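Everything quoted here is computed from the prediction, not taken from an experiment.
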Amino acid sequence: MYKQKSRANNRRSSARNYAQNRQSSSTNKISNLVKRLSPTWQACIPLACLIVLGWSYVAVAQAPAGPTTADLKVALDTLWVAIAAFLVFFMNAGFCMLETGFCRQKNAVNVLAKNLIVFALSTVAFWAIGFGLMFGDGNDFIGWNGFFLAGADNSPAIGTDYKGVFSALNWTGVPLAAKFLFQLVFAGTAATIVSGAVAERIKFVDFLIFSLLLVGIAYPITGHWIWGAGWLADLGFWDFAGSTVVHSVGGWAALMGAAFLGPRIGRYQNKQVVALPGHNMSIATLGCLILWLGWFGFNPGSVMAADPNAITHIALTTNMAGAVGGIAATVTAWVYLGKPDLSMIINGILAGLVGITASCAYVSVPSSIVIGLIAGILVVFSVPFFDKLGIDDPVGATSVHLVCGIWGTLAVGLFSVGPGGYSWMVDAAGSKVGPHGLFVGGGFNSLIAQVIGVLSVGGITVLLSTVFWLALKATLGIRVTREEELEGLDIGEHGMEAYSGFLKEASSDGFTEGKSSGEYSKGEDFSTT
């Protein structure tokens, strides 16, 4: 053991001696190299060292500073607004699936084509004129600046620091592009609502033209009154995420379109409503779930800031209203119709979501339950009501978006907690703002303002929609021929089928007799099954 320790000590001693010898040798080499230099070069060595040290200090001093807290807030707010906009955009897929499933298979391609192209048209129309009319600086009735997103703008500056032509949006600290993108997807939603109500009998080109007029003119005008710091906003009208601005406007336009088009062939016979059931309830249900998901961008995204308290509260009230709306519609349909109709469950969920949209940031969770409950009941009775009026709406868009949009707008004046009731209910200057509902001690002021808003927006939307529909009817004609409607718009308008090779419609006795798609004659009326 001693010998082993001695050998180990010797090895360590040898290693130290070797390292010291190498270090000494290197030092001697450097010293000899310096001595070989001329005195002038030797004098330059300290100066070179000083220069290197000076450069190092300057480089460190001029290194770019990290992002400030304000920069990080803008980045987070912008990220949240973009994600919310993407969720709302994805609602187009939900509308596609919902409307296609609720319609007959011979019109599936037509419904899909309308829902797909409408957002493309909305993008161009809203960029060119709609955004300027809605949010551009002007007067209390219309905006006159910002067309094609042109004009001064120093976003994301907010409040009095903002200098630009979109003063109505100076409360949100995100870039102009983010503001436009988020508002664009809302405009597209308003146009898509119309698609379902006029399905299965409207000419494709007329729907495209009407969508351009709605998104470019009608929607932004009423939107300016509310979200563009117009006269309704000055009056005290509140609509946080669009029960009126988006859903009721789309609903009014859809109602007028369905009225001017008339019912589908075979819908009403001998004063009786004949069911024309949708061909695929599976994709209709999928569409409902996609729309439910999209609403988590629709409502919480309207905060337009990454405020965790506001986002989570709004998401909770939104989800609660949708869930209770679905439950209420299920029970009501079960009692009223005798069966828990799936289409009513779907529309009940959507009704609750539409109903809470205006007040989601201003009401408590228990209040959101009441709002969703009433919306779910309303939609069940609204669908047969419009049928009694002879207004044929294949997907129930008017019942969901118009009726429940009106209810949701009025609910603001009934259940809102009052100015500053929640931490996010403040303006850019930090002052407490917000509606105060009748049922929580606010009196009638907020409710009266909401009623005025519903009537005024409904009146101008009906007027403009009537002008648009009548002009199209007088020039191009808005309805397809009887033969095209019986054969299906897929063939008549698009020359193709959604399910090529599959059975298309059952005969009047419920059996197909071996007929495949395309074997029916043009004059054969099988649309009443």
Kindly give the heavy-atom pair with the smallest separation between S243 and G355, and that separation in Å. OG-O, 4.1 Å
Which distance, rounded to the nearest 0.5 Å, do you find between the CG of L353 and the CD1 of I371? 12.5 Å
Taking the side chain as every heavy atom from C-beta outward, state whether V245 and V249 have any atom pair closer than 4.5 Å. no
Counting only heavy atoms not in W424, do more than 12 sit closer than 6.0 Å to its CH2 atom? yes
What are the two closest non-hydrogen atoms of G477 and D206, and how far apart are they? O-OD2, 2.8 Å
Within this structure, what is the CZ-CD1 distance for the pair F240 and I356, rounded to the nearest 0.5 Å? 11.5 Å
Carefully, step by step, assess L181 and F86 under the rule side chain to side chain contact (heavy atoms under 4.5 Å, CB included). CA-CA 9 Å; L181 180 64; F86 302 155; 3.9 Å; yes
Candidate pair I478 and K203, rule side chain to side chain contact (heavy atoms under 4.5 Å, CB included), full reasoning: CA-CA 6 Å; I478 58 177; K203 288 183 177 180; 6.0 Å; no
Which residue in the set T244, V454, V412 passes side chain to side chain contact (heavy atoms under 4.5 Å, CB included) when paired with D239? T244
I want to know whether F182 and F186 have ring centres closer than 6.0 Å. yes
Let me see the working for E485 and R264 under salt bridge (charged side-chain N to carboxylate O under 4.0 Å, His left out), right down to the final yes or no. CA-CA 8 Å; E485 186 175 343; R264 292 167 290 173; over 6 Å; no
Starting at NE2 of H313, measure out to OH of Y422 and round the result to the nearest 0.5 Å. 4.0 Å
I'd like to know whether V198 forms a side chain to side chain contact (heavy atoms under 4.5 Å, CB included) with F260, so could you lay out the CA-CA distance, the side-chain angles of the two residues, the decisive distance to 0.1 Å, and finally the verdict. CA-CA 10 Å; V198 300; F260 284 116; over 6 Å; no
Side-chain donor/acceptor of D77 to backbone N/O of V174, under 3.5 Å: no
Counting only heavy atoms from other residues, nucleotides and ligands, does the tally under 6.0 Å from CZ of F90 exceed 12? no
If every non-hydrogen atom of K114 is compared with every non-hydrogen atom of A199, which pair is closest and at what distance? NZ-CA, 3.6 Å
Looking at G413, is its backbone amide N or carbonyl O close enough to the side chain of Q450 to form a donor-acceptor pair, meaning the two atoms are under 3.5 Å apart? no
Is there side-chain contact between S195 and V118, with heavy atoms separated by less than 4.5 Å? no
One should read off an interatomic distance between F204 CZ and L208 CG, to the nearest 0.5 angstrom, of 4.5 Å
Has the side chain of H436 got a donor or acceptor atom that lies under 3.5 Å from a matching backbone atom of V440? yes
Beyond-backbone contact of F166 with S155, side-chain heavy atoms, under 4.5 angstrom: no
Would you give the length of the straight line joining atom OG1 of T332 to atom CG of L373, rounded to the nearest 0.5 angstrom? 7.5 Å
Donor-acceptor check, side chain of T100 to backbone of V111, threshold 3.5 angstrom: yes or no? no
Residue pair L121 / F207, side-chain heavy-atom distance below 4.5 Å: no
Is there a donor-acceptor contact under 3.5 Å from the side chain of E200 to the main chain of N107? no
Using a 4.5 Å cut-off on heavy atoms from C-beta on, say whether the side chain of F119 contacts that of N92. yes
Apply the side chain to side chain donor-acceptor pair (under 3.5 Å) test between W295 and each candidate in T357, T318, N319; give the one that qualifies. T357
May I ask you to decide if G132's main-chain N or O and H224's side chain share a donor-acceptor pair within less than 3.5 Å? no
Trace of the side chain to side chain contact (heavy atoms under 4.5 Å, CB included) decision for W407 with L414: CA-CA 10 Å; W407 158 241; L414 297 174; 3.9 Å; yes
Hey, are S399 and S382 close enough side-chain-wise for a donor-acceptor pair under 3.5 Å? yes
Side chain to side chain, F180 and F135, heavy atoms closer than 4.5 Å: no
Any donor and acceptor pair, going by atom type alone, linking the side chain of R104 with main-chain N or O of P277 inside 3.5 Å? no
Please state whether the rings of Y219 and F126 are parallel, tilted or perpendicular, taking 30° and 60° as the class boundaries. tilted
d(M256 CE, L463 CG) to nearest 0.5 Å is 9.5 Å
For Y162, run the side chain to side chain donor-acceptor pair (under 3.5 Å) check against D153, N154, N170 and tell me which one passes. D153
Do L112 and M97 have side-chain heavy atoms sitting under 4.5 Å apart? yes
Between G94 and I290, the two heavy atoms sitting closest are N-CG2, 3.5 Å
Sidechain-backbone polar pair: N145 side chain, G136 backbone, donor-acceptor under 3.5 Å: no
Give a yes or no on this: more than 12 heavy atoms of other residues, nucleotides or ligands lie within 6.0 Å of atom CZ of F385. no
Is the backbone of G262 close enough, under 3.5 Å, to the side chain of R201 for a donor and an acceptor to pair up by distance? yes
Which heavy-atom pair separates G301 from A84 by the least distance, and what is that distance? CA-CB, 3.5 Å
Using the ring of each side chain (for Trp, its six-membered ring), is W238 parallel, tilted or perpendicular to Y362, with breaks at 30° and 60°? perpendicular
Just by modelled atom types, is the D427 backbone N or O under 3.5 Å from a matching donor or acceptor in the S431 side chain? no
I226 and A233: which non-hydrogen atoms are nearest, and at how many Å? O-CB, 3.4 Å
Quick one: does I460's side chain get under 4.5 Å of F141's, heavy atoms only? no
